[in-house]
Amino acid sequence: MDINVPALLAQLLVGLINGSFYALLSLGLAVIFGMLNIINFAHGALYMMGAFCAYFLLNLLGLNYWWALILSPVIVGVFGMVMERTLLQWLSGLDHLYGLLLTFGVALIIQGVFQNYFGSSGLPYAIPEQLRGAINLGFMYLPVYRGWVVVFSLVVCLLTWFLIERTRLGANLRAATENPTLVRAFGINVPRMITLTYGLGVGLAALAGVLSAPINQVRPLMGADLIIVVFAVVVIGGMGSIMGSIITGFTLGVIEGLTKYFYPEASNTVVFVLMVLVLLVKPSGLTGRAT
Amino acid sequence: MTTITQNSVPTTTRRPVRDEMIAFAIMTVLLLVVPFTGVYPFFVMQGLCFALLACAFNLLIGYGGLLSFGHAMFLGTAGYVSGHALKVWGLPPELAIVAGTAAAFGLSVITGLIAIRRQGIYFAMITLALSQLLYFIYLQAPFTHGEDGIQGIPQGKLFGFIDLSNTDTLYFVVLAGFLIGFLIIYRAINSPFGEVLKAIRENEPRAVSLGYKTDQYKLLAFILSGTLAGFAGALKVFVAQNASLTDVHWTMSGEIVLMTLVGGLGTVFGPVVGAFVIIAMQQYLAGFGQWVTVIQGVIFVACVLTFRRGIVGEIGHLFKRSL
């Protein structure tokens, strides 16, 4: 079989980019699930809001990509925190499934509103000037922006891992995940921590949205199908470990990229098929604890 | 941790069968007189198909505590197979219905074996992912005609002499199908099997410790639910005369959840009421475009936050009856 190396590498790069979105989103889902016991179905819609936020910042306020990279996650994160305070906090003590249903409803609302005003077509978002062009690596041309997305996502993922696994704040967070009552007894404000955690998870989704805006266009439904793939990623990886989410996300992106090259018909389904295989071999997920 | 249907479980241990009999009689009479009232029969037929679908879904969530977020796959699969059987193979309606339902049965065996390997929230995500997998397969498979779907499906003559292209005849056939499915579900809920299912929902480790092979019960419930959802899908082909990708899409799975939630999770008649409420809402708000999605989202949020018993659950609670 002839292998067209540049085409293969190009698909591999696309796979790495999708993988970085999977990693950022599944990371947020895992962090949120740990603290709130909720699977955040609105994650895809909030990812979309991140991209739209960047679009509005540019077109209404004239704030460029770099501002969007900072402001979008903050704005969407604050939106998420308001959502947590007004809606999600009433679910504590109820079955996990209610959280899924509530956030599904929120996703429908957000996506429906955006669809009303922007239809289903995509809005263009230009690649920032500093990241245009391509670098010749000798064996392939690497578009600068795509390389930037992969590297930047990886750095953000590792920073999140560091924050949760290696800092005092993260230690409190992990402790509160294990036993909120006891942590409260130590004088730590757990409800505020829950709100901030939700904000953090949602902010990561919005950040992924900003990163994807110049690549995938800004569309109201850009997160709707993505979130289902991310669910499959979460089932494969399990939500037990932060590093596990990062590695699973990138790996599945790469596998998907390779599938696009070798057997494009299956590129949409490969992650789901892998999920089935993992469930048959190791039902608790690759890094997860049995639940 | 409270279970998802805790609100609707009656406090009495003895099931008030008499109430359910009366409610069933009222429902049947109401549905029998529809063709003579001038209500648009296709609307009611569509409602009946979705009602059966929601009842099948409710068997899993309401009595087994398993939230399937992919029930559209059974609806869509049975629809495609029945439609293909009628249009391309030229099978008579009864065999087309059997073919569609059998396809849903096969699918539910396979997906059930995969999905029951995880519980709770993961079960929901797995069923959603499996239905999305199937969606992409149907998008590319030649026999589904992709975005166009199978259109202009002939209705044919049931058993060779019942002409289904006559609206009134079709109505009573669909009604009969709905009642058969409804009674199968009702029988399952009130059987020893149903009791074990409820025990698993309340406390699975305890059911295991009592010697029940809970995986087998869950699988059986999943297969029964998926097969009956497929039966609803096969009936729907005769009403809509098409089979398309919308029936397999995750938005459809979400609507099934919504219907059951609105009507009342874990109630016998709730899914029927919920299905008609949601279908009617879609009908009347059809001109508002995507605002229908927004309204559905608002109903989801409102139901989860303030109205967890659903319509029938609230009524039952008010009169201290189990419906």
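Nothing here was measured: the structure is a model prediction, and the numbers come from that model. Throughout, protein chains are lettered first and strands after them, A, B, ... in sequence-line order, and every chain is numbered starting at 1.
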Practice task
Return the minimal non-hydrogen interatomic distance between A:Leu100 and B:Ala124, and the atom names on each side.
Solution key: CD2-CB, 3.6 Å
Completion exercise
Under 4.5 Å to a heavy atom of chain B? For A:Val271 that would be neither
Problem - Pairwise side-chain contact, A:Leu87 with B:Val304, heavy-atom cut-off 4.5 Å (strictly under) - result: no
Exercise for the section: Against chain B, work out which of A:Phe104, A:Trp90, A:Phe231 has the most heavy-atom pairs shorter than 4.5 Å and name it. Expected result: A:Phe104
Problem - Within 6.0 angstrom of A:Arg85 CZ, more than 12 heavy atoms from elsewhere - result: yes
Fill in the blank from the handout: Between the CG atom in A:Leu97 and the CZ atom in B:Phe69, the distance rounded to the nearest 0.5 Å is 10.0 Å
Problem - A:Ile110 portion near chain B, given a 4.5 angstrom heavy-atom threshold - result: neither
Problem - Option that, when pairs with chain A are counted at under 4.5 Å, heavy atom only, ranks first among B:Gln296, B:Gln290, B:Gln140 - result: B:Gln290
Exercise for the section: Mark yes when over 12 heavy atoms from residues, nucleotides or ligands other than B:Phe288 sit less than 6.0 Å from its CZ; otherwise mark no. Expected result: no
Exercise for the section: Could you tell me whether the side chain of A:Met239 reaches within less than 4.5 Å of the side chain of B:Tyr122, counting heavy atoms only? Expected result: yes
Handout entry: Which atoms of B:Val301 approach chain A - backbone, side chain, both or neither, heavy atom under 4.5 Å
Key = both
Completion exercise
Bottom line for A:Gln111: the part with an atom under 4.5 Å from chain B's heavy atoms is side chain
Exercise for the section: Side-chain contact test, heavy atoms from C-beta onward, threshold under 4.5 Å: evaluate it for A:Phe41 versus B:Phe300 and give yes or no. Expected result: no
Handout entry: Ring centers of A:Phe272, B:Tyr135 separated by less than 6.0 Å
Key = no
Handout entry: B:Ile114 CD1 to A:Leu277 CG distance, which is reported to the nearest 0.5 Å
Key = 9.0 Å
Problem - Aromatic ring pairing A:Tyr117/B:Trp291, orientation class (parallel under 30°, perpendicular over 60°, tilted between) - result: perpendicular
Handout entry: 4.5 Å side-chain heavy-atom contact, B:Gln132 and A:Asp225
Key = yes
Problem - Separation between CG of B:Leu258 and CG of A:Leu101, rounded to the nearest 0.5 Å - result: 9.5 Å
Fill in the blank from the handout: Most heavy-atom pairs under 4.5 Å with chain A, out of B:Gly254, B:Ala129, B:Cys303, belong to B:Ala129
Fill in the blank from the handout: Rounded to the nearest 0.5 angstrom, the OG-CZ distance for A:Ser284 and B:Arg117 is 10.0 Å
Handout entry: Heavy-atom side-chain contact between A:Met275 and B:Leu133 under 4.5 Å
Key = no
Exercise for the section: Just do the side chain to side chain contact (heavy atoms under 4.5 Å, CB included) check on A:Leu108 and B:Val294 with the steps written out, would you? Expected result: CA-CA 6 Å; A:Leu108 287 183; B:Val294 179; over 6 Å; no
Completion exercise
To the nearest 0.5 Å, atom CG of B:Leu128 lies from atom CD1 of A:Ile39 at 11.0 Å
Practice task
For A:Phe56, look at atom CZ and say whether over 12 heavy atoms of other residues, nucleotides or ligands are found less than 6.0 Å away.
Solution key: yes
Fill in the blank from the handout: Scored by heavy-atom pairs under 4.5 Å with chain A, the best of B:Ile121, B:Leu261, B:Thr251 is B:Ile121
Fill in the blank from the handout: Comparing A:Leu91, A:Leu279, A:Val273, A:Val235 against chain B, the one with the most heavy-atom pairs below 4.5 Å turns out to be A:Leu279
